[in-house]
Amino acid sequence: MQKGEFLYEGKAKRIYATEEPNVFWMEFKDDATAGNGQKRGTIGDKGRINAEITQRVFEHLERGGVRTHLLRQESPTVLLVKKLEMFRLEIVVRNIAAGSLVKRIGLEEGREMPEPIVEIYLKDDELGDPLVNDDHVKALGLATEVELAALKAAARKVNDLLRPYFLDRGLLLVDFKLEFGKEDGQIVLGDEVTPDTCRFWDEKTREKLDKDRFRQDLGGVEEAYQEVLRRVDEPHA
Ligand code: ADP
Ligand code: UDP
């Protein structure tokens, strides 16, 4: 497959066309941002690590019956993916209180949720990705009621598949963000699942092994990303 016309550069990836009209070339970058772009930096080898992790996780999700955009890994930092018509929404699932949930509703960090919490955010950098409810989404025309129900059900299914997958690897899946799109009217998981978009804590020590190390200047950022990839490749190690 040939890399074609440059289409889009985001905070973590660059998208190019290919000779196939329905296939995108998705290149993962080492760039890192936090606080809605206020903090910027690079994380060594992040592009490769995140491409590898997404490839493994999406294959696991496909085996579990979740439709994803993944076609194949083309090179260390590149995934070939199906072109989707993306929902301008971020679906967040939370198993353990952390991050904005702690700030917004005052739960203590680390509190296990009685059942997973699903939240919807508007994907809009200028507005700072606000939390929205179903009525807001419908008012904005971003998804129908039926689509919203399908998005939430798909996000819960991803959580049901990924919690045990990561626990087998000694990682607690604290929370994560998903982006979905549509292909021929069907809802398909797009984007990535990586330490940029998930919180992972070591099951025993509760050490943070994700982008919070960058957000909070904890050090050992690259090592944490490498450790997640190592564990993804070595379950039960
Ligand atoms: P951002 O745009 O949030 O800065 P990225 O740097 O990760 O994020 O850019 C990737 C962009 O590609 C995102 O806008 C995401 O919604 C979009 N995207 C992800 N998967 C697909 C896909 N299969 N088809 C079309 N767009 C996609
Ligand atoms: N997240 C993300 N992109 C965003 C916002 C959140 O990938 O634009 C992920 C984040 O890494 C975490 C989960 O979604 O795993 C919940 O994030 P939270 O709402 O706590 O926001 P934060 O305080 O991390 O910005």
Side-chain angles (χ1 to χ4, degrees), residues 6-18 20-40 46-47 50-51 54 58 67-71 77 79-105 107 109 113 116-132 142 155 158-159 162 166 171-183 186-201 208-216 224-225 228:
F6 165 78
L7 297 176
Y8 175 80
E9 174 153 12
K11 296 185 290 293
K13 303 190 277 311
R14 280 185 214 96
I15 311 277
Y16 297 83
T18 65
E20 291 287 333
N22 295 323
V23 177
F24 278 170
W25 176 283
M26 179 173 266
E27 210 167 272
F28 287 68
K29 308 192 289 179
D30 291 347
D31 300 351
T33 63
N36 198 28
Q38 277 159 354
K39 182 176 162 74
R40 285 169 190 276
K46 175 167 87 77
N50 280 357
T54 298
F58 277 39
R67 287 171 58 112
T68 81
H69 68 166
L70 179 70
L71 294 169
T77 59
L79 300 183
L80 293 178
V81 301
K82 285 183 243 174
K83 173 180 171 178
L84 303 178
E85 201 187 313
M86 297 303 286
F87 289 97
R88 222 159 38 83
L89 301 171
E90 299 187 340
I91 316 293
V92 168
V93 181
R94 302 175 180 278
N95 298 307
I96 298 174
S100 70
L101 188 69
V102 170
K103 288 187 206 140
R104 195 173 345 100
I105 66 172
L107 282 170
E109 184 180 84
M113 298 297 98
I117 292 177
V118 178
E119 296 173 343
I120 303 174
Y121 293 84
L122 181 61
K123 193 168 157 63
D124 187 318
D125 284 339
E126 279 184 22
L127 294 175
D129 294 347
L131 179 70
V132 290
L142 297 179
V158 168
N159 190 43
L162 292 190
F166 284 111
L171 294 170
L172 294 172
L173 180 58
V174 173
D175 59 28
F176 57 95
K177 180 266 302 178
L178 301 173
E179 293 185 30
F180 292 91
K182 275 195 291 187
E183 184 202 25
Q186 298 254 34
I187 285 178
V188 179
L189 179 64
D191 213 49
E192 64 179 286
V193 170
T194 65
D196 272 5
T197 64
C198 304
R199 287 193 169 93
F200 297 118
W201 293 353
K208 293 179 162 85
L209 293 169
D210 56 57
K211 198 164 122 181
D212 272 351
R213 301 204 73 83
F214 172 79
R215 293 188 186 100
Q216 299 170 13
Y225 280 62
V228 173

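Both ligands and their constituent atoms are indexed starting at 1 by order of listing. Remember, it's a predicted structure, so these values are computed and weren't measured experimentally.
When non-hydrogen atoms are compared, ligand 1 lies under 4.0 Å from neither the backbone nor the side chain of Arg14. Within the 4.0 Å heavy-atom criterion, the part of Cys198 lying near ligand 2 is the backbone and not the side chain. Looking at Val188 against ligand 1, nothing comes within 4.0 Å, counting heavy atoms. Of all the heavy atoms of Lys11, the ones lying under 4.0 Å from any atom of ligand 1 are found in both the backbone and the side chain.
Closest to atom 20 (N) of ligand 1 among all protein heavy atoms lies Asp191 N, 3.1 Å. With respect to atom 7 (O) of ligand 1, the closest heavy atom belonging to the protein is Lys13 NZ, 2.4 Å. If you check which protein heavy atom lies closest to atom 12 (O) of ligand 1, you get Ile15 CD1, 3.7 Å. When only non-hydrogen protein atoms are considered, atom 25 (C) of ligand 1 lies nearest to Leu84 O, 3.4 Å. Atom 15 (C) of ligand 1 has as its closest protein heavy atom Glu179 OE1, 3.3 Å. Closest protein heavy atom to atom 3 (N) of ligand 2: Lys177 CE, 3.5 Å. The protein heavy-atom contact nearest to atom 21 (C) of ligand 1 is Met86 SD, 3.6 Å. Scanning the protein heavy atoms around atom 2 (O) of ligand 1, the nearest turns out to be Tyr8 OH, 2.5 Å. Nearest protein heavy-atom contact of atom 3 (O) of ligand 1 is Lys123 NZ, 2.6 Å. Shortest contact from atom 15 (O) of ligand 2 to any protein heavy atom: Asp175 OD1, 2.6 Å.
On a distance-only criterion, Lys83 and ligand 1 share no N/O pair closer than 3.5 Å. Inclusion of Arg94 in the set of residues having an N or O under 3.5 Å from an N or O of ligand 2 is warranted. An N or O contact shorter than 3.5 Å links Ala12 to ligand 1 by distance. Residue Glu119 places no N or O, backbone or side chain, under 3.5 Å from any N or O of ligand 2.
Counting heavy atoms from C-beta outward, Phe176 and Asn159 have side chains that approach closer than 4.5 Å. Side-chain contact between Leu122 and Leu142: present, with at least one pair of heavy atoms (C-beta onward) separated by less than 4.5 Å. For the pair Thr33/Arg40, a side-chain contact is recorded, criterion being any heavy-atom separation below 4.5 Å from C-beta on. Put simply, the side chain of Leu80 reaches to within 4.5 Å of the side chain of Trp25, judged on heavy atoms. Phe180 has its side chain out of reach of Val188: every pair of non-hydrogen atoms, C-beta onward, lies at least 4.5 Å apart.
Looking at Arg94 and Ser100, their side chains do bring a donor and an acceptor atom within 3.5 Å of each other.
Between Tyr16 and Phe6, the ring-plane angle classifies as perpendicular under the 30° and 60° cut-offs.
Applying the side chain to side chain donor-acceptor pair (under 3.5 Å) test between Glu183 and each of His69, Arg67, Lys83 identifies Arg67 as the sole match.
When Glu192, Glu90, Arg215 are checked for heavy-atom proximity to atom 10 (C) of ligand 2, Arg215 turns out nearest. Atom 18 (P) of ligand 2 has its nearest heavy-atom neighbour, among Ser100, Gly128, Gly99, in Ser100.
In summary, the atoms of ligand 1 found under 4.0 Å from a heavy atom of Phe24, numbered by their order in the structure, are 24 (N), 25 (C). Shown in contact with Tyr121 at under 4.0 Å from a heavy atom are these atoms of ligand 2, numbered in order with element: 19 (O). Ligand-side atoms of ligand 2 in range of Arg199: 12 (C), 15 (O), 16 (C), 17 (O), 18 (P), 20 (O), 22 (P), 23 (O), 24 (O), range being under 4.0 angstrom from any heavy atom. Close approach of ligand 1 to Met26 is summarised as follows: ligand atoms under 4.0 Å from at least one heavy atom of the residue are 19 (C), 20 (N). Near Asp129, the atoms of ligand 2 lying under 4.0 angstrom from a non-hydrogen atom of the residue are 8 (O). Close contacts of ligand 2 with Asp196, meaning ligand atoms under 4.0 Å from a residue heavy atom, involve 7 (O), 11 (O).
The presence of a protein heavy atom under 4.0 Å from atom 23 (O) of ligand 2 is confirmed.
Here the closest non-hydrogen pair linking Pro195 and Leu209 is CB-O, 4.1 Å. Among all heavy-atom pairs drawn from Pro116 and Val93, the shortest one is CB-CG1, 4.1 Å. A pairwise comparison of heavy atoms in Asp191 and Met26 identifies O-SD, 4.2 Å as the closest pair. Listed here is the closest heavy atom pair of Ala155 and Ile91: CB-CG2, 3.6 Å. The two residues Thr68 and Phe58 make their nearest non-hydrogen contact at CB-CD2, 3.5 Å. When all heavy atoms of Phe214 and Lys39 are compared, the pair lying nearest together is O-CE, 2.8 Å.
A salt bridge links Glu179 with Lys177: the closest approach of a Lys/Arg side-chain nitrogen to an acidic carboxylate oxygen falls below 4.0 angstrom. Ion pairing of Asp196 with Lys11 is absent here, as no side-chain N (NZ or NE/NH1/NH2) approaches a carboxylate O to less than 4.0 Å. Look at Arg199 and Asp175 and you find a salt bridge, because one of the NZ, NE, NH1 or NH2 atoms lies within 4.0 Å of a carboxylate O, short of that distance.
Residue contacts with ligand 1: Lys29 is excluded, as none of its non-hydrogen atoms falls under 4.0 Å. Under a 4.0 angstrom heavy-atom cut-off, Lys211 registers as lying outside contact with ligand 2.
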